[in-house]
Chemist: 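Below: one structure in structure tokens.
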Amino acid sequence: MWKYKLFNKSSYFLEEVDNNSIDAIVTDPPYGISYQNHYWDKDLPDKKIWENSLRVLKPGGFALIFSSIRLMHRLMVALEDSGFIIKDVLFWVYLNGMPKSRNIALDIDKELGIESKVIGEYNYVQGYKKEKVDNYYAKGKLKKEPVSELGIKYKGAGLGLKPAYEPIILVQKPIEKGLNIAQNIIKYGVGALNIEDTRIPYEKGESKVGHNPHPKGRVPSNIIRTEYFNDGYDKFFVIPKVRQKKEDFNYHPTVKPLELMYHLVKLVSFENQIILDPFMGSGTTGVASLELNRKFIGYEIDEGYFEIAKRRLENVEKRLKETLF
Ligand SMILES: C[S@@+](CC[C@H](N)C(=O)[O-])C[C@H]1O[C@@H](n2cnc3c(N)ncnc32)[C@H](O)[C@@H]1O
């Protein structure tokens with residue numbers, strides 16, 4: 001009996017996957033924003049993938065698809081045009097997003113042909129790049145201040161906000177014509193969200209839990225946090241455990257936290273069901289699926305990332321076997 005199948009090829013046609021055979025899709029496709037100039041993030045995926053996702057999903061099955069703030073509208077139109085029902089947009093909220101900064105005031109000086117004033121040197125780590133160099137330093141770069149009148153007026157102005165959420169689109173394949181939800185679930189085993197296993201536990205000692213508190217906690221909301229904010233406990237949105245474990249062989253630049261993927265996989269599926277990720281990257285959806293006793297089918301076009309995913313899933317399978325004996 002197979003536990004997972006991985007394909008090192010484009011997922012657009014999903015030729016290896018039968019019609020109406022997948023219980024749920026959880027995927028993090030390219031956002032089409034050229035993130036850190038990665039070649040695979042230049043464009044949004046072709047609409048074919050969503051048409052084929054609809055084909056392979058069982059009637060009533062759900063899909064959760066990560067997207068970007070700037071292009072989610074295009075993805076949602078493509079999903080709707082492919083036949084999916086838009087159910088919700090979940091927000092994954094985090095604290096460590098980096099605003100894109102640009103010193104507009106200095107640009108203005110330059111444009112006006114005025115030399116900005118040097119006030120010192122940078123001397124700190126500016127960022128890190130997982131794939132190539134560990135850290136790169138702004139050390140030695142000159143710190144400047146605007147000099148022109150307009151430059152001074154625009155000192156500190158910026159072009160964007162600090163990103164603090166990523167949208168995750170929740171869609172559903174329509175249930176079979178002529179069936180109601182219960183009949184659809186009886187026939188296909190899908191059609192309802194797994195609320196019971198994704199409830200948010202109450203905080204220890206929390207008193208205001210309503211008249212009839214459910215022993216497992218609150219119904220999960222469409223905002224998901226994977227980090228505690230230091231403004232105290234937030235009774236609606238916190239997922240108790242946080243942060244992925246970093247494996248040093250995994251250099252994929254956009255690895256999603258495992259804790260988040262546990263939550264999402266659980267939300268749209270039940271044990272022993274099949275999860276598909278057509279853009280698996282380093283295979284985080286697959287790791288979560290196997291650990292939660294689901295089966296997994298993953299596609300990844302890049303050979304390097306594919307090898308990472310394969311190794312991660314082999315490690316999970318090995319670990320799970322060891323705990324059995
Ligand atoms: C945002 S990343 C997924 C990262 C993943 N969530 C993780 O935790 O590692 C999207 C992946 O889709 C892959 N990809 C892009 N186009 C593809 C295609 N047509 N078929 C399969 N994979 C593709 C890219 O190589 C990239 O690794």
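A quick note: this is a predicted structure, and the numbers were derived from the prediction, not measured. Just so it is clear, the values below take in all heavy atoms, side chains as well, and ignore hydrogens, waters and symmetry mates. Atoms within each ligand, like the ligands themselves, are counted from 1 in listed order.
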Chemist: Run down the list W40, F13, F279, Y39 and name the one with the heavy atom closest to atom 14 (N) of ligand 1.
Modeler: F279
Chemist: Does E111, at its CD atom, have more than 12 non-hydrogen atoms belonging to other residues, nucleotides or ligands within less than 6.0 Å?
Modeler: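 Atom CD in E111 is not crowded, with 12 or fewer foreign heavy atoms closer than 6.0 Å.
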Chemist: May I ask you to list the atoms of ligand 1 that are less than 4.0 angstrom from any heavy atom of P278?
Modeler: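 Taking each heavy atom of P278 in turn, ligand 1 has 21 (C), 22 (N) under 4.0 Å.
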Chemist: Applying a strict 4.0 Å limit to heavy atoms, is M261 in contact with ligand 1?
Modeler: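 Checking ligand 1 against M261, which is what was asked, there is no heavy-atom contact under 4.0 Å.
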Chemist: Determine, for K266 against E196, whether the closest basic-nitrogen to carboxylate-oxygen distance falls under 4.0 angstrom.
Modeler: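 No, no charged N to carboxylate O under 4.0 Å.
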Chemist: Just wondering, do I108 and P146 contact through their side chains at under 4.5 Å, heavy atoms?
Modeler: no
Chemist: Hey, can you tell me if Y305 and W40 have their rings parallel, tilted or perpendicular (30° and 60° cut-offs)?
Modeler: perpendicular
Chemist: Quick check against the 3.5 Å criterion: does N184 have a side-chain atom that pairs as donor or acceptor with the backbone of P59?
Modeler: yes
Chemist: Which atoms of ligand 1 sit under 4.0 Å from any heavy atom of T254?
Modeler: 1 (C), 2 (S), 4 (C), 7 (C), 8 (O)
Chemist: Using a strict 4.0 Å cut-off to heavy atoms of K9, name the atoms of ligand 1 that fall inside it.
Modeler: 20 (N), 21 (C)
Chemist: Show the atoms of ligand 1 that are less than 4.0 angstrom away from any heavy atom in P30.
Modeler: 15 (C)
Chemist: Under 4.0 Å from a heavy atom of T284: give me the atoms of ligand 1 that qualify, with their elements.
Modeler: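 That gives atoms 7 (C), 8 (O), 9 (O) of ligand 1.
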Chemist: Who's the nearest protein heavy-atom neighbour of atom 20 (N) of ligand 1, and how far?
Modeler: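 Residue, atom and distance for the closest contact: S11 N, 3.0 Å.
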Chemist: Quick check: does any side chain N or O of T323 sit under 3.5 Å from a backbone N or O of L320, one acting as donor and the other as acceptor?
Modeler: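 Answer holds: yes.
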Chemist: How close does the nearest protein non-hydrogen atom get to atom 10 (C) of ligand 1, and which residue and atom is it?
Modeler: D28 O, 3.3 Å
Chemist: Return the set of residues passing side-chain hydrogen bond (donor to acceptor under 3.5 Å, both in side chains) with N180 (not counting sequence neighbours), or none when no residue passes.
Modeler: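 Checked N180 against side-chain hydrogen bond (donor to acceptor under 3.5 Å, both in side chains); zero matches.
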Chemist: Ignoring hydrogens and geometry, is there a side-chain-to-backbone donor-acceptor pair from E300 to G281 under 3.5 Å?
Modeler: yes
Chemist: With no hydrogens and no angle check, is any side-chain donor or acceptor of D109 less than 3.5 Å from a backbone partner on V147?
Modeler: yes
Chemist: May I ask you to check if ligand 1 and I301 share an N or O to N or O distance below 3.5 Å?
Modeler: yes
Chemist: Are Y4 and F296, when compared by the centres of their aromatic rings, separated by less than 6.0 Å?
Modeler: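 No, ring centres 6.0 Å or more apart.
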Chemist: Run the numbers for me: atoms of ligand 1, each under 4.0 Å from some heavy atom of Y12, listed by number.
Modeler: 19 (N)
Chemist: How far is atom 5 (C) of ligand 1 from its nearest protein heavy atom, and which residue and atom is that?
Modeler: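 For atom 5 (C) of ligand 1, the nearest protein heavy atom comes out as M280 O, 3.5 Å.
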Chemist: Considering distance alone, does some N or O of S10 sit under 3.5 Å from an N or O of ligand 1?
Modeler: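 Indeed, backbone or side chain, S10 has an N or O that close.
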Chemist: Please could you name the atoms of ligand 1 that V255 approaches to less than 4.0 Å, counting only its heavy atoms?
Modeler: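 Counting from 1, the qualifying ligand atoms are 7 (C), 8 (O), 9 (O).
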Chemist: Where is the nearest protein heavy atom to atom 25 (O) of ligand 1: which residue, which atom, and how far?
Modeler: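 Here the nearest protein heavy atom works out to E300 OE2, 2.6 Å.
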Chemist: Before signing off on this row, confirm whether D302 and ligand 1 have an N or O atom pair separated by under 3.5 Å.
Modeler: no
Chemist: Using a strict 4.0 Å cut-off to heavy atoms of S282, name the atoms of ligand 1 that fall inside it.
Modeler: 7 (C), 8 (O), 9 (O)
Chemist: Under 3.5 Å, is there a donor-acceptor pair between the side chain of R294 and the main chain of L292?
Modeler: yes
